[in-house]
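Here the structure comes first, spelled out in structure tokens, and everything after it is commentary.
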There are 2 protein chains.
Amino acid sequence: MGFKKVSLKDISKELGVSQSLISFVMNGKAKEMRVSDAMVEKILKKADEMGYKANPMAQALRTGKSNTIGLIVADISNSFYSKIARSIEDEATEHGYHVIFGSSDENDKRSTELINLFYDKKIDGLIISPAKGDRDNLMKLQNSGFPIVLIDRYFSENESNIVVANNLSGSYEIVKRLIKNGNKKIGYITHGTDSSVVRYRYQGYVKALKEFELELNHQIIRKVSHINNEQEIETNVKDLIENHDIDSIFFFNNTMAIEGGKIIREYNKSSGRNLGIGCFDSSRYLELLGIPYVSAVQQVEKLGEVSMRLLMRQINSTSQLNEKKVLTARLIDKLG
Amino acid sequence: MGFKKVSLKDISKELGVSQSLISFVMNGKAKEMRVSDAMVEKILKKADEMGYKANPMAQALRTGKSNTIGLIVADISNSFYSKIARSIEDEATEHGYHVIFGSSDENDKRSTELINLFYDKKIDGLIISPAKGDRDNLMKLQNSGFPIVLIDRYFSENESNIVVANNLSGSYEIVKRLIKNGNKKIGYITHGTDSSVVRYRYQGYVKALKEFELELNHQIIRKVSHINNEQEIETNVKDLIENHDIDSIFFFNNTMAIEGGKIIREYNKSSGRNLGIGCFDSSRYLELLGIPYVSAVQQVEKLGEVSMRLLMRQINSTSQLNEKKVLTARLIDKLG
DNA sequence: CTGAAAGCGCTTACAG
DNA sequence: CTGAAAGCGCTTACAG
């Protein structure tokens, strides 16, 4: 650890050569600048001896590159996002980048604030799972040439650099399995807020019903809050079972499925029936419920990896890329 | 968003006053420097008009403060750590700080690397859940005056600035409940690696047994890896049940408890018995198992909050603090 | 009350 | 091949 803070100037004095020379050598530009091998040797040795470490703040100020990227998600403590964070971290490390993170809680104001804060802090790029109100801000930034990658969701087909799951076909596959398994009246419990994810998963549900000529019944489609929704889910699931005679439920995601699944487990026990469920994403705890289920598991690690790689390409590109990567969710069928 | 990058010099030119004056005003030192109210007014107005944002890289270079702290944990995708990360983030935001994070995977080499990387990047302080080999490195850094807070575990009573759970008394309470509930042969499944956490939880187990004059039987204490340990846990739990006639098991943590609990649930079903378990930490999924349990839940959010506050105090202090904060885990008794 | 100047530690044209 | 110098955008003694 260099507590002494050796600078280029220190080495320069020690060696009696100019700072520029040392800088070139330390940055691997010796060849390019045709520095003599002997000099390179001498400089590297001395630098190592003195424990020289370039000051990143000075480099950043001079070059305008901080080697730091920002990650903004709804909530880093949510395991979906923390897994993404981990894979982004791993990929960032590969490229010599660091990651600062922020949680927006899906709150427009906070999200905007974070974007601006991170931007002003001179991050080299941003990976973000945007809140609804971020659209204009993000597009303005992108148009100004700032590297951004949207993950998990986006606003319309107009945005650039998107990495998402196959929400439509994934949920289509889930519902199709439920149907093939003999279910004819499949409820849907989804989020009340609008987003590309919400929209596409709904479309997948509709598509499957249509294909098998089942009725699209809005009475058995329920919208709940995206946070602290345990009570809502319980109420809705009970209502669907007791008053609407559904034979299966498709849940928007795994946490909702686990919450609703608890109710269904109790119902199955007391009724002797064996209702199953479907949901997007899975969890090792879903199987703890012991009820039949089918889920489409996102490749979360890949989502992080792919988005970080795309961001790196955007950072190193002079032109605005326009990529959309759709990652296929893997189907797990435990309907039995 | 200021895409144009206005600098102090720009405002200075525009207004015909010196940069220093503007700097003072922007940093709220107007009063201290006795700048005239009219001037303050004029400068603030112009700065706002031009969309001035101080360049953090320049500030950092000049002042040596980056307003960024580092967070190093075993794995940010582990929900225990991601919850801590979130509460640290929230507290950091309060103080105008950003957080960069890194996952060490409990790997000494990686952890050292991360510490050095973050240190060299000029973070203002570090919150770390250390790996075994970090001891010397961390103490050296602390002695050199670098602000560090250890969370979750530490090495000996010699380290400074520690925030941990009451591991000993927490696990003592858990085992005591198990005993009071009528259990006399309580197995223990713990981690194979040594750390303060492992040590203290074991001591709590021993203390409770002693107090109630139960035998400390090393045959029913099992050590497993701290990662990918599903198979080991399964094997050990089965062995404890089948060959050692235990009537309860105390698990080192919640994830291990859930894994082992699955086996116990099956056993309970087939045997008609109703074995219960104990464990440190809980999870909303533990109850999904439907077996009796008692757990001591750490105040994870508080852990992050307290550690960040302590770090802030250390950053703003000229002398080395030496605080140890022990957070009490809350007991949840579902033994029935 | 206000201005001119140094300096944080780099990188990179510009000269030679 | 190598050196001297400018400049990134700040903050902060130092003068007046």
Side-chain angles (χ1 to χ4, degrees), chain A residues 2-44 46-47 50-68 96 119-122 124, chain B residues 2-44 46-47 50-68 96 119-122 124:
Chain A
F3 302 138
K4 332 87 185 283
K5 320 199 272 172
V6 249
S7 69
L8 285 182
K9 201 201 267 177
D10 297 328
I11 309 184
S12 152
K13 269 188 195 146
E14 197 77 16
L15 242 37
V17 300
S18 78
Q19 285 190 42
S20 5
L21 215 46
I22 304 169
S23 172
F24 288 143
V25 171
M26 297 313 290
N27 290 315
K29 294 192 178 172
K31 280 271 170 316
E32 193 180 324
M33 294 293 150
R34 296 189 299 181
V35 181
S36 67
D37 286 358
M39 182 59 92
V40 171
E41 186 86 1
K42 196 165 101 183
I43 290 175
L44 285 179
K46 195 50 136 190
M50 298 177 71
Y52 173 74
K53 305 267 186 186
N55 181 328
M57 311 270 95
Q59 286 179 314
L61 176 59
R62 182 58 224 246
T63 63
K65 293 208 17 144
S66 62
N67 285 308
T68 302
Y119 178 83
D120 291 337
K121 198 179 172 77
K122 308 287 181 196
D124 294 341
Chain B
F3 303 137
K4 334 85 184 281
K5 321 199 272 175
V6 247
S7 68
L8 285 182
K9 202 201 267 176
D10 297 329
I11 308 184
S12 153
K13 269 188 195 148
E14 197 77 16
L15 241 39
V17 300
S18 78
Q19 284 190 43
S20 4
L21 214 47
I22 303 168
S23 172
F24 290 141
V25 172
M26 296 314 290
N27 291 316
K29 295 191 178 170
K31 280 270 170 317
E32 193 179 326
M33 294 294 149
R34 296 189 299 181
V35 182
S36 69
D37 285 358
M39 184 58 92
V40 171
E41 185 86 1
K42 195 165 103 182
I43 289 175
L44 285 179
K46 195 49 136 188
M50 299 176 72
Y52 172 74
K53 304 269 185 184
N55 181 328
M57 312 270 97
Q59 286 179 314
L61 176 60
R62 180 59 223 246
T63 62
K65 293 207 20 143
S66 63
N67 286 309
T68 302
Y119 178 83
D120 291 335
K121 199 180 171 78
K122 308 287 180 195
D124 294 340

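Chain identifiers are assigned alphabetically (A, B, ...) following the order of the sequence lines, protein sequences preceding nucleic acid strands; residue numbering begins at 1 within each chain.
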>> Quick check for you: among C/dT12, D/dG9, D/dT11, whose closest atom lies nearest to any side-chain atom of A/Phe24?
In response: C/dT12

>> Heavy atoms from C-beta onward define the side chain here; which of C/dC10, D/dT11, C/dG9 lies closest to that of A/Leu61?
In response: C/dG9

>> Between C1' on D/dC1 and CD1 on A/Ile43, what's the gap in Å once rounded to a whole number?
In response: 11 Å

>> Apply side chain to side chain contact (heavy atoms under 4.5 Å, CB included) to residues A/Ser7 and A/Asn55 and explain how you reach the verdict.
In response: CA-CA 8 Å; A/Ser7 69; A/Asn55 181 328; over 6 Å; no

>> Looking at B/Lys13, I want to see if its NZ is surrounded by more than 12 non-hydrogen atoms of other residues, nucleotides or ligands under 6.0 Å.
In response: no

> For the atom pair CD (A/Gln59) and OG (A/Ser66), what is the distance rounded to the nearest 0.5 Å?
Replying inline: 11.5 Å

> Looking only at side-chain N and O atoms, does A/Gln59 come under 4.0 Å of OP1 or OP2 in C/dT11?
Replying inline: yes

> So what stems show up for DNA chain D if we need 3 or more Watson-Crick or G-U pairs in a row, all under 3.5 Å?
Replying inline: C:1-3 with D:14-16, C:5-12 with D:5-12, C:14-16 with D:1-3

> Rounded to the nearest 0.5 Å, how far does CD1 of A/Ile22 lie from CG of A/Leu44?
Replying inline: 10.5 Å

>> Quick check: closest heavy atoms across A/Asp124 and A/Asn67, and the distance to 0.1 Å?
In response: OD2-N, 2.7 Å

> Please give, in whole Å, the distance from D/dG9 P to B/Asn27 CG?
Replying inline: 17 Å

>> To check you understand the geometry: which heavy-atom pair defines the closest contact between B/Val6 and B/Gly51, and what is its length?
In response: CG2-O, 3.4 Å

> Rounded to the nearest Å, what distance is computed from the NZ atom of residue A/Lys9 to the C1' atom of nucleotide D/dA6?
Replying inline: 15 Å

> A/Arg62 CZ to C/dT11 C1': how many Å, rounded?
Replying inline: 4 Å

> Expressed in angstrom and rounded to an integer, what is the separation of B/Ile11 atom CD1 from C/dT2 atom C1'?
Replying inline: 17 Å

>> For the CG atom of A/Leu21 and the CE atom of A/Met26, what is their distance to the nearest 0.5 Å?
In response: 12.0 Å

>> What's the separation between atom CG in A/Asp120 and atom NZ in B/Lys53, rounded to the nearest 0.5 Å?
In response: 4.5 Å

> Going by number, which of residues 12-23 of chain B have a non-hydrogen atom under 4.0 Å from DNA chain D?
Replying inline: B/Gln19, B/Ser20, B/Ser23

>> Considering every strand and a 4.0 Å limit on heavy-atom distances, what is the contact class for B/Ala60: base, sugar-phosphate, or nothing?
In response: nothing

> Nearest of C/dC8, C/dC10, D/dT11 to any side-chain atom of B/Leu8?
Replying inline: D/dT11

> Are A/Thr68 and B/Lys121 linked by a side-chain donor-acceptor pair shorter than 3.5 Å?
Replying inline: yes

>> Does anything in residues 29-42 of chain B come within less than 4.0 Å of DNA chain C? Heavy atoms only, and list the residues if so.
In response: B/Met33, B/Arg34, B/Val35, B/Ser36, B/Met39

>> What is the separation between atom CG on A/Asn55 and atom C1' on D/dG9, rounded to the nearest whole Å?
In response: 14 Å

